[in-house]
J.: 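This is the structure I want to talk about, given as structure tokens.
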Amino acid sequence: MIGRYVLPSDVPSVQHKGCISAADGNHYCFGLTLRGEPVIVGQAMDRTLLITWPELVALAIAQGIDTADQATVDAAQAAIDKAAARPAEGS
């Protein structure tokens, strides 16, 4: 499991950064502890998840942050092809 659940009283002071609502109607708030650790609070169950920055980076890597999707590759290739077809400036 990534992160660890804690009681709200275990995180007495959170610098709130924002909230979002999911498509299913659940509401989540996020912020940072005074030590700068990321925190997510699920309002439905009033559960608090602490996650470390290395865990957050590992999650992003697992979700493909370093992998280009085919649409991005195709768009980049089209831009390269278009630039290569253009006459050089001053010609």
J.: Does any N or O in the side chain of T33 come within less than 3.5 Å of the main-chain N or O of E37, such that one atom is a donor and the other an acceptor?
T.: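 Indeed, once roles are kept as given, a pair shorter than 3.5 Å links the two residues.
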
J.: Please name the pair of heavy atoms, one in Q43 and one in C29, separated by the smallest distance, quoted to 0.1 Å.
T.: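 Nearest heavy atoms, Q43 then C29: NE2-SG, 3.8 Å.
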
J.: With the side chain counted from C-beta on, respond yes when V11 and V6 share a heavy-atom pair under 4.5 Å apart, and no when they do not.
T.: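 The answer is yes, as the side chains (C-beta and beyond) meet within the 4.5 Å cut-off.
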
J.: Would you say the side chain of D66 lies within less than 4.5 Å of the side chain of I61, judging by non-hydrogen atoms?
T.: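 Touching, per the 4.5 Å side-chain cut-off.
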
J.: Indicate the atoms forming the closest heavy-atom contact of R47 with Y5, along with that distance.
T.: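 Closest approach of R47 to Y5, heavy atoms only: NH2-CD1, 3.2 Å.
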
J.: Would you check if the side chain of Q77 reaches a backbone N or O of D74 as a donor-acceptor pair within less than 3.5 Å?
T.: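 Checked: no pair found.
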
J.: Do L50 and L7 sit in the same hydrophobic cluster, where Ile, Leu, Val, Met, Phe, Trp and Tyr count as joined when their side-chain heavy atoms come under 4.5 Å apart?
T.: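 The answer is no; the residues belong to distinct hydrophobic clusters.
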
J.: Determine the minimum heavy-atom distance between L56 and P38, stating which atoms define it.
T.: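 So the minimum-distance heavy-atom pair works out to CD2-CG, 4.4 Å.
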
J.: What are the two closest non-hydrogen atoms of A22 and Y28, and how far apart are they?
T.: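 Scanning both residues, the minimum pair turns out to be CB-CE1, 3.9 Å.
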
J.: For H27 and S21, which heavy atoms make the closest approach, and how far apart are they?
T.: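 Scanning both residues completely, I find the closest heavy atoms to be ND1-OG, 3.1 Å.
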
J.: Hey, does V39 have a side-chain heavy atom less than 4.5 Å from the side chain of L32?
T.: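 No, side chains not in contact.
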
J.: Please round to the nearest 0.5 Å and tell me the distance separating atom CD1 of I40 and atom CG of L49.
T.: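 Taking CD1 in I40 and CG in L49, the distance rounds to 5.5 Å.
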
J.: How about CD1 on I20, more than 12 heavy atoms from neighbouring residues, nucleotides or ligands closer than 6.0 Å, or not?
T.: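 Above 12, so yes.
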
J.: Do V41 and F30 share a hydrophobic cluster, counting only Ile, Leu, Val, Met, Phe, Trp and Tyr and linking them when any side-chain heavy atoms are less than 4.5 Å apart?
T.: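 No, V41 and F30 fall in different hydrophobic clusters.
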
